[in-house]
Amino acid sequence: MIARVWRGWASTATADDYQHHYESEVAEHLQRVTGFRGARLLRHDDDQEVMFTSITFFAGMEDVRAFAGEDPERAVVEDAARRALTRWDERVTHHEVAVDL
């Protein structure tokens, strides 16, 4: 299994907008991808901004490509996310899941 890890940052004023986007539009898109195995959105609030870490799980890299396209390390950041975030990783990392408890 492959874990795809990406981060984005939002102001405290728009963080809930991004979270809602992830829970609705991103979730719907991911659930249509063959080989999608789940996702987690981590949220870290501080006084200045909110950092989100998205970890999505896929059966293999061919499934990642079905989601991300021919350049699987390119971040997929939809327009609604761009409006809510102040910055984001342009590239993602992929990790082989070594232990799944």
Side-chain angles (χ1 to χ4, degrees):
M1 184 165 43
I2 302 297
R4 177 180 170 90
V5 181
W6 170 88
R7 296 174 309 159
W9 292 262
S11 70
T12 55
T14 61
D16 289 343
D17 295 338
Y18 178 74
Q19 185 171 329
H20 176 72
H21 165 72
Y22 193 95
E23 291 171 321
S24 57
E25 296 171 47
V26 174
E28 183 179 321
H29 183 161
L30 286 168
Q31 290 170 356
R32 290 190 302 241
V33 176
T34 301
F36 171 66
R37 296 291 182 257
R40 303 289 184 271
L41 182 64
L42 311 180
R43 181 175 173 145
H44 176 77
D45 294 73
D46 67 24
D47 292 336
Q48 304 297 316
E49 63 185 351
V50 178
M51 179 180 70
F52 290 100
T53 302
S54 171
I55 307 172
T56 50
F57 299 94
F58 296 90
M61 284 304 295
E62 63 279 356
D63 304 307
V64 172
R65 284 185 186 86
F67 169 70
E70 286 303 309
D71 181 3
E73 280 77 33
R74 181 185 56 81
V76 176
V77 185
E78 298 170 346
D79 288 342
R82 291 173 186 268
R83 286 190 296 273
L85 298 170
T86 56
R87 67 184 196 282
W88 53 85
D89 292 339
E90 295 288 339
R91 309 295 288 172
V92 303
T93 57
H94 295 99
H95 308 264
E96 182 176 331
V97 176
V99 177
D100 184 18
L101 300 176

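The side chain to side chain donor-acceptor pair (under 3.5 Å) search around E96 returns none, not counting sequence neighbours. Partners of R82 by side chain to side chain donor-acceptor pair (under 3.5 Å), not counting sequence neighbours: none found. Partners of F52 by ring-ring contact (aromatic ring centres under 6.0 Å, His included), not counting sequence neighbours, listed by chain and number: Y18.
Other residues sharing a hydrophobic cluster with L101 under the 4.5 Å side-chain heavy-atom criterion for ILVMFWY residues are V99. Think of M51 as one node in a network of Ile, Leu, Val, Met, Phe, Trp and Tyr side chains linked at under 4.5 Å; its network also takes in W9.
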### Task
Report the C-alpha distance between V77 and W6 in whole Å, list the side-chain angles of each, state the deciding distance to 0.1 Å, and finish with yes or no for side chain to side chain contact (heavy atoms under 4.5 Å, CB included).
CA-CA 10 Å; V77 185; W6 170 88; 4.1 Å; yes

### E73 vs V64, side chain to side chain contact (heavy atoms under 4.5 Å, CB included): CA-CA, chis, key distance, verdict
CA-CA 9 Å; E73 280 77 33; V64 172; over 6 Å; no

### Query
Step by step, would you call H44 with V50 a side chain to side chain contact (heavy atoms under 4.5 Å, CB included)?
CA-CA 6 Å; H44 176 77; V50 178; over 6 Å; no

### Query
Where do R74 and E90 land on the side chain to side chain contact (heavy atoms under 4.5 Å, CB included) test, with the steps shown first?
CA-CA 6 Å; R74 181 185 56 81; E90 295 288 339; over 6 Å; no

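At a threshold of 4.0 Å, the pair D45-R43 counts as salt-bridged, since one of the basic side-chain nitrogens sits closer than that to a carboxylate oxygen. Ion pair D63/R4 not flagged as a salt bridge, since none of the NZ, NE, NH1 or NH2 atoms sits closer than 4.0 Å to an Asp/Glu carboxylate oxygen.
A donor-acceptor pair under 3.5 Å is formed between the side chain of D46 and the backbone N or O of E49. Using a distance-only test at 3.5 Å, with no hydrogens or angles considered, a donor-acceptor pair links the side chain of S11 to the main chain of T14. The backbone N or O of R7 lies less than 3.5 Å from no partner atom in the side chain of W88, so there is not a single donor-acceptor pair.
Counting non-hydrogen atoms of other residues, nucleotides and ligands closer than 6.0 Å to NE2 of H20 gives a total of 12 or fewer.
Annotation for P72 and H94: closest pair O-CE1, 3.0 Å, computed over non-hydrogen atoms. In terms of heavy atoms, A3 sits closest to I55 at CB-CG2, 4.1 Å. In terms of heavy atoms, A15 sits closest to A10 at CA-CB, 3.9 Å.
No path of Ile, Leu, Val, Met, Phe, Trp and Tyr side chains, each step under 4.5 Å between heavy atoms, connects M61 with F57, placing them in separate hydrophobic clusters. Side-chain heavy atoms closer than 4.5 Å link hydrophobic residues (I, L, V, M, F, W, Y) into clusters, and following such links, possibly through other members, connects F67 to V92. V97 and V5 fall within the same hydrophobic cluster, defined by Ile, Leu, Val, Met, Phe, Trp and Tyr side-chain heavy atoms under 4.5 Å apart, directly or through other members.
Put simply, OG1 on T93 and CD1 on I2 are 11.0 Å apart, with the number rounded to the nearest 0.5 Å.
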Using a 3.5 Å cut-off and no angle test, enumerate the donor-acceptor pairs between side-chain atoms of residues 27-42 and protein atoms at least two apart in sequence or in another chain.
| residue | atom | partner | partner atom | Å |
| --- | --- | --- | --- | --- |
| E28 | OE2 | R32 | NH1 | 3.2 |

